[in-house]
Amino acid sequence: MTTGLPTLLPAAVEVEQTTVDVPDIALFPQELAAVAGAVPKRRAEFAAVRGCARRALGRLGHAPAPILPGPNREPQWPAGIVGSLTHCDGYRAAALARTRDILTLGIDAETHEPLPDGVAELVTVGDEPRLLARLGAAEPGIAWDRVLFSAKESIYKAWFPLARAWLDFTECELTIDPAGTFAGQLLVSGPRVGDRVIDRFAGRWTIHGRHILTAVWEPATRVAR
Ligand SMILES: CC(C)(COP(=O)(O)OP(=O)(O)OC[C@H]1O[C@@H](n2cnc3c(N)ncnc32)[C@H](O)[C@@H]1OP(=O)(O)O)[C@@H](O)C(=O)NCCC(=O)NCCS
């Protein structure tokens, strides 16, 4: 049975996830140069997630290609492809799609544990503290503050390729449905794409083993969600 991120995203998105790092994933010379000075842990996650991305690229009919970080660390995809990467302790994933199907997407994985003291106050805005209190009272077994944090990181990864600008945690207000969906309303001007202004991101979340997984996507053509 498929579990994890593939269950959160539409069929047009190819998702590859792994909980183990296979040694010796081949990197392109430019990729090796990008992590040349990095610690082994960083090199391992960088390679593992690129292994995931290349498998997803292959299913989209693309030959293996270097996936280099751009000036703001954003992954740079072959023409016609959008995608997102995430890695945390014990989990790596890549989600890729054709631009004809998906305008933008973002994925994030976090260890399922509460945020460190003081962080929730920094990443919430508007009604979100009351939302977290309500969710916590109804379902205390879920680290709702971490779900919110991960959902916002997914939104950032989907926002950035369109806006090419920073988005603060307090510039987007979330609603979270305990059934597994969330939506983020931007509190700043959204990027314009053709005749659309993207000012809201909708997504899904799940608890997958010891991880929280979140994903957002915006279809290539506007549909009500
Ligand atoms: C960029 C950021 C979201 C990455 O999240 P993280 O939990 O630290 O790390 P993850 O492992 O989940 O994701 C790392 C991947 O994110 C991707 N990423 C980094 N910067 C990115 C950007 N500007 N745009 C899109 N994707 C980006 C990269 O692919 C990176 O993997 P790589 O370095 O191996 O290529 C986070 O470090 C950050 O800067 N957050 C602050 C901005 C934010 O989230 N605002 C909330 C707005 S509501």
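Remember, it's a predicted structure, so these values are computed and weren't measured experimentally. Counting starts at 1 for both ligands and their atoms, following the listed order.
- At least one heavy atom of R50 sits less than 4.0 Å from an atom of ligand 1.
- In terms of protein heavy-atom proximity, atom 16 (O) of ligand 1 is nearest to K157 CE, 3.4 Å.
- Under 4.0 angstrom from ligand 1, the non-hydrogen atoms of L167 come from both its backbone and its side chain.
- The heavy-atom pair separating L9 from A95 by the smallest distance is CD1-CB, 3.9 Å.
- With sequence neighbours left out, F46 forms a ring pair (Phe, Tyr, Trp, His ring centres under 6.0 Å) with no residue at all.
- For atom 26 (N) of ligand 1, the closest non-hydrogen atom on the protein side is P75 CD, 3.4 Å.
- Sparse packing is recorded around CG of D24, with 12 or fewer heavy atoms of other residues, nucleotides or ligands lying under 6.0 Å away.
- By the 3.5 Å distance cut-off applied to N or O atoms, C88 is not counted among the residues near ligand 1.
- Counting only heavy atoms of the protein, atom 34 (O) of ligand 1 lies nearest to H87 NE2, 2.8 Å.
- Residue contacts with ligand 1, taken as heavy atom pairs separated by less than 4.0 Å, involve E110 solely via side-chain atoms from C-beta onward.
- Shown in contact with C172 at under 4.0 Å from a heavy atom are these atoms of ligand 1, numbered in order with element: 48 (S).
- We find the OG1-CD1 distance between T214 and I155 to be 8.5 Å, quoted to the nearest 0.5 Å.
- The aromatic rings of H211 and Y91 sit tilted, their planes meeting at an angle between 30° and 60°.
- The nearest pair of heavy atoms linking R43 to A38 is NH1-O, 3.1 Å.
- The shortest N/O to N/O separation between W166 and ligand 1 does not fall below 3.5 Å.
- How far CZ of F160 is from CG of L167: 11.0 Å, rounded to the nearest 0.5 Å.
- For ligand 1, the atoms closer than 4.0 angstrom to any heavy atom of R42 are 32 (P), 33 (O), 34 (O).
- Distances below 4.0 Å separate heavy atoms of L85 from the following atoms of ligand 1: 13 (O), 15 (C), 16 (O), 29 (O), 35 (O).
- Using 4.0 Å as the threshold, E45 has no heavy atom nearer than that to any atom of ligand 1.
- Closest to atom 24 (N) of ligand 1 by heavy atom, among F169, F160, F201, is F160.
- Numbered from 1 in the order shown, with element, the atoms of ligand 1 that lie under 4.0 Å from a heavy atom of N72 read 20 (N), 21 (C), 22 (C), 23 (N).
- Across E171, R164, Q76, E153, heavy-atom proximity to atom 5 (O) of ligand 1 is greatest for E153.
- Contact annotation: R92 has no heavy atom less than 4.0 Å from any atom of ligand 1.
- Judged purely by distance below 3.5 Å, without hydrogens or angles, the side chains of D108 and S150 pair a donor atom with an acceptor atom.
- Residue-ligand proximity: D168 is placed with a non-hydrogen atom under 4.0 Å from ligand 1.
- Regarding atom 19 (C) of ligand 1, its nearest protein heavy-atom neighbour is R73 O, 3.2 Å.
- We find the CG-CG distance between L148 and L131 to be 7.5 Å, quoted to the nearest 0.5 Å.
- With values rounded to the nearest 0.5 angstrom, L162 atom CG is found 4.5 Å from T104 atom OG1.
- A centroid separation of less than 6.0 Å is found between the aromatic rings of F169 and F149.
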